[in-house]
Protein chains: 2
Amino acid sequence: MAASVKEVAAEAGVSVGTVSNVLNRPEVVSERTVTKVTAAIEKLGFVRNDAARQLRAGHSRHFGLMVLDSRNPFFMDVTQGAQHRALENGYTVLMGSSDDSLTTEEQLLDLFDEQRVAGVLISPLHNDLSRLWKIREAGTPVVLVDRGSADRSFSSVSVDDVEGGRIAVQHLVDLGRKNIAFVGGPQSIEQVQHRLEGAQSVIAGTVDAVLQHMMTKQLTVMEGRRVGEQILAMDAAERPDGIFAANDLLALGILQALVMSGDLLVPKDIALVGYDNIDFAESAVVPLTTIRQPAEEIGRTAVDVLLREAEAGEDAVREQFVFTPKLVIRESTVPDSNKN
Amino acid sequence: MAASVKEVAAEAGVSVGTVSNVLNRPEVVSERTVTKVTAAIEKLGFVRNDAARQLRAGHSRHFGLMVLDSRNPFFMDVTQGAQHRALENGYTVLMGSSDDSLTTEEQLLDLFDEQRVAGVLISPLHNDLSRLWKIREAGTPVVLVDRGSADRSFSSVSVDDVEGGRIAVQHLVDLGRKNIAFVGGPQSIEQVQHRLEGAQSVIAGTVDAVLQHMMTKQLTVMEGRRVGEQILAMDAAERPDGIFAANDLLALGILQALVMSGDLLVPKDIALVGYDNIDFAESAVVPLTTIRQPAEEIGRTAVDVLLREAEAGEDAVREQFVFTPKLVIRESTVPDSNKN
DNA sequence: CGACATGATTGAAACGATTCATTTTTAGTA
DNA sequence: TACTAAAAATGAATCGTTTCAATCATGTCG
């Protein structure tokens, strides 16, 4: 249906090679010819067929990006950042979300393979990275996102989650809370594990402080609400006076449950800290104290690293970017921080 | 780098045609051969090269989906729905967001063209649909999403926005609010325009009621906050006692500004209605009354319609799906709806 | 036993852009 | 004008898959 280089060549009275040159290296073509060809392109409404182009090239101009949860605004921000930086460099981003399913992760990676993506950005769900090794061995660079590479075998762009957990719980302890609950799971997610470790390290160094772990199956508002109800059902003795949730979605769910019941006040009875600083944390029932991660910058940086790896090929240097998380204090821990 | 059908054929001792048959129509190949070829595929780790496949086919197995704002959870839900349904039918979704930029919309459509997408799902920013006509004339089906087609020239899956606006403002009027503000813009976005029309129709039929239009440049939390401050700065006489915001993001922004100042109470001084019923509406400072749209179902249905159009080709029947919006009452208009 | 239908397999052509070794044109110089 | 170097243009080969007309094998039936 659409015009091809051949038709453009015919229209302009030149060879297909010349049309291709006009498209890709106009500097080697005489000015007069460029004009002719451009006119023909215009006239026929020619649009490059990317499939043919990438068939020849051997790989596409797409990056594959896989996040843990496409409905988490944090990951949307990461995606946004990645997408922009990729576009600036003439690449597109194929976005997918594993959504807590190992199968989906597997399928999405298959898809990336079929598309011969030029690189993979991934926040892996699987802790076994062998599939990623294979992908890289096949010549496709891989960068871990929002997740470090302990053995530095992959380049990574992440945030120090242990430190994040530490800051969060230290804040709770500083406020005099001693009976802390960490809410989050599944533990197989490394980010969750690290945030928990940070939390534990603070508790270990604080007299009288105890930490209980309330497990969740997902990091969603729904699960948060479930945990909230669980907390409401506890008797006063065991009930925590400080909660650190593994992300803001959980925290908002918990908050919702507590506020709806009206039985427990935040932060008076329970102080609450989330993680990510998504936009909605600020406009929550009780504005949420949380740990900020530079989401868009993570996305941008990840693409930069990927571009460098793609450039370098075989002998690419692995880079480890670790951003430092920051505490954002709001009323879910300190009342009336904004009013007087 | 990766193995090709040719190598698989050699490995299995058959022709390339047979390998292709095993891949696409195993029923015409003898069982013995299928086994041999499958083994070879396994051994070589063969993965189809989709570029070659779609070059041959003339079009890809991607659908292009363009939404107005990728950071709006409503559109993320639409995307989620579309993505799932597409995947069920062996298609992938190339997601883009015009983000209030006509240029971006144009570029993204160019990208879709280059990718020879099998169909376009779009919530158009441009009111001039001529580009979409061209795309369809070139043989690519187009379905409008979250947007009707007044002249029925395109298939569409939408929600009755006029009705939505009506319900929202009727609710405010029923509560005795007479000085209503409609917050939203730019007016070039049809959804905004229709919701405003619905609002106006109610006001026109109500004695003493007045409507003012507070324009925004975007439908974001930030813009909402800006409007909120504007409202705070008004003197009591002109200040509205009921606000209908064109979407939840705006509403949450407004809410945030009002609550932070502490000068005006929601809903006592100002009742607030949003639009979309995003997840975060429920966990807002003051849980938000809003108009629910079946986001995921819109996405799914849009893909269904697109598949039908693609199937039918030239003589496809245009379908108009119009969902009915529903009022969800929460405390931003009716205090203590959940407590006693 | 031979003719024939049916089933299975083959292999060359096609899709459209890019590359690059080769040829043609142009411009500059003696 | 003749010759040469540089610039410009050419076109065949290539990427990997699918398709389809043609060929080959197998078994059935008269």
Side-chain angles (χ1 to χ4, degrees), chain A residues 1-38 40-41 44-62 90 110-111 113-118 138-139, chain B residues 1-38 40-41 44-62 90 110-111 113-118 138-139:
Chain A
M1 194 103 243
S4 71
V5 270
K6 207 182 290 181
E7 298 168 59
V8 172
E11 174 73 29
V14 299
S15 74
V16 291
T18 300
V19 174
S20 178
N21 281 336
V22 171
L23 253 26
N24 303 298
R25 308 117 88 192
E27 69 278 6
V28 309
V29 183
S30 78
E31 203 165 323
R32 217 168 53 82
T33 310
V34 172
T35 318
K36 264 195 308 183
V37 172
T38 313
I41 288 177
L44 299 179
F46 166 80
V47 179
R48 249 205 206 86
N49 183 328
D50 195 56
R53 195 234 269 264
Q54 74 179 255
L55 171 57
R56 186 73 234 275
H59 63 90
S60 72
R61 297 182 67 75
H62 304 303
D110 287 347
L111 182 72
D113 273 350
E114 280 192 9
Q115 300 300 324
R116 300 291 191 275
V117 293
Chain B
M1 193 104 244
S4 71
V5 270
K6 209 181 288 180
E7 298 168 59
V8 172
E11 173 74 29
V14 299
S15 74
V16 292
T18 301
V19 174
S20 179
N21 280 336
V22 171
L23 253 26
N24 303 298
R25 309 118 87 194
E27 68 278 6
V28 309
V29 183
S30 78
E31 204 166 323
R32 217 169 52 84
T33 309
V34 171
T35 319
K36 264 195 309 186
V37 173
T38 313
I41 287 177
L44 299 179
F46 167 79
V47 179
R48 250 207 205 84
N49 183 326
D50 196 56
R53 194 235 269 265
Q54 73 180 254
L55 171 58
R56 186 73 235 275
H59 63 88
S60 73
R61 297 181 68 74
H62 303 304
D110 287 348
L111 182 73
D113 272 351
E114 280 193 8
Q115 300 300 325
R116 300 290 191 274
V117 294

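Keep in mind the model is a prediction, meaning the values are calculated, not measured. We name chains A, B, ... by the order of the sequence lines, and we start the count at 1 in each one.
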key: Whole-Å gap separating P (dA17(C)) and CZ (Arg25(A))   = 16 Å
message = Counting only side-chain nitrogens and oxygens, does Thr18(B) get under 4.0 Å of the OP1 or OP2 atom of dT10(C)?
response = yes
query = Rounded to whole angstroms, how far apart are NE2 on His59(B) and P on dT18(D)?
reply = 12 Å
ask   = When the distance from NZ of Lys36(B) to P of dA8(C) is rounded to whole Å, what number comes out?
value = 13 Å
message = Judged by each residue's nearest nucleotide on DNA chain D, which is more toward the 5′ side, Glu27(A) or Gly17(A)?
response = Glu27(A)
d(CD, Glu114(B); C1', dG16(C)) in whole Å = 13 Å
note = Shortest non-hydrogen pair, Ala51(B) vs Gln54(A), comes out as CB-CG, 3.3 Å
inquiry  = With hydrogens left out and only the distance checked, is there a donor-acceptor pair under 3.5 Å joining Arg56(B)'s side chain and the base of dT17(D)?
reply    = no
task = Using a 4.5 Å cut-off on heavy atoms from C-beta on, say whether the side chain of Gln115(B) contacts that of His62(A).
result = yes
key: Under 3.5 Å donor-acceptor pair, Arg53(A) side-chain atoms to dT18(C) base atoms   = no
ask   = Which part of the nucleic acid, if any, lies within contact of Ser30(B), taking any heavy atom under 4.0 Å across all strands shown: a base, the sugar-phosphate backbone alone, or nothing?
value = sugar-phosphate
remark   = When every non-hydrogen atom of Ala12(A) is compared with those of Ala40(A), the smallest separation belongs to CB-CB, 3.8 Å
inquiry  = Whether Thr33(A) contacts dA9(D) is assessed here as follows: a side-chain N or O lying under 4.0 Å from the phosphate OP1 or OP2. Is that the case?
reply    = yes
task = For Asn24(B), answer base if it contacts any base atom (sugar-phosphate contacts may also be present), sugar-phosphate if it contacts only those atoms, and nothing otherwise; contact means non-hydrogen atoms under 4.0 Å.
result = sugar-phosphate
inquiry  = Within the structure provided, determine whether Arg53(A) and Leu23(A) are in side-chain contact (heavy-atom separation under 4.5 Å).
reply    = no
query = When the distance from CD of Gln115(B) to P of dA17(C) is rounded to whole Å, what number comes out?
reply = 13 Å
inquiry  = Once you apply a heavy-atom cut-off of 4.0 Å, does Ser4(B) come out as touching a base, just sugar-phosphate, or nothing?
reply    = sugar-phosphate
query = Do Arg116(B) side-chain atoms and Asp113(B) backbone N/O form a donor-acceptor pair below 3.5 Å?
reply = yes
ask   = What are the residues of residues 8-16 of chain B, sorted by number, that bring a heavy atom to within less than 4.0 Å of DNA chain D?
value = none
inquiry  = Would the distance check show the side chain of Thr35(A) and the main-chain N or O of Glu31(A) forming a donor-acceptor pair, the cut-off being under 3.5 Å?
reply    = yes
ask   = For dT18(D), does either OP1 or OP2 sit under 4.0 Å from a side-chain N or O belonging to Arg48(B)?
value = yes
key: Closest-nucleotide ordering on DNA chain C, the 5'-leading residue of Arg32(B) and Gly58(B)   = Arg32(B)
request  = Return the value, rounded to whole Å, for the distance between atom CD of Gln54(A) and atom P of dT19(C).
outcome  = 14 Å
request  = In whole angstrom, give the distance that lies between atom NZ of Lys6(B) and atom P of dT14(D).
outcome  = 9 Å
key: Asn21(A) CG to dC20(C) C1', straight-line distance once rounded to whole Å   = 10 Å
ask   = Do the non-hydrogen side-chain atoms of Lys36(A) and Val29(A) ever get within less than 4.5 Å of each other?
value = no
inquiry  = Measuring from the side chain of Leu55(A) (C-beta onward, heavy atoms only), which nucleotide among dC15(D), dT9(C), dT18(C) has the closest atom?
reply    = dC15(D)
ask   = Atom CG in Asn21(B), atom OG in Ser30(B): separation rounded to 0.5 Å?
value = 11.0 Å
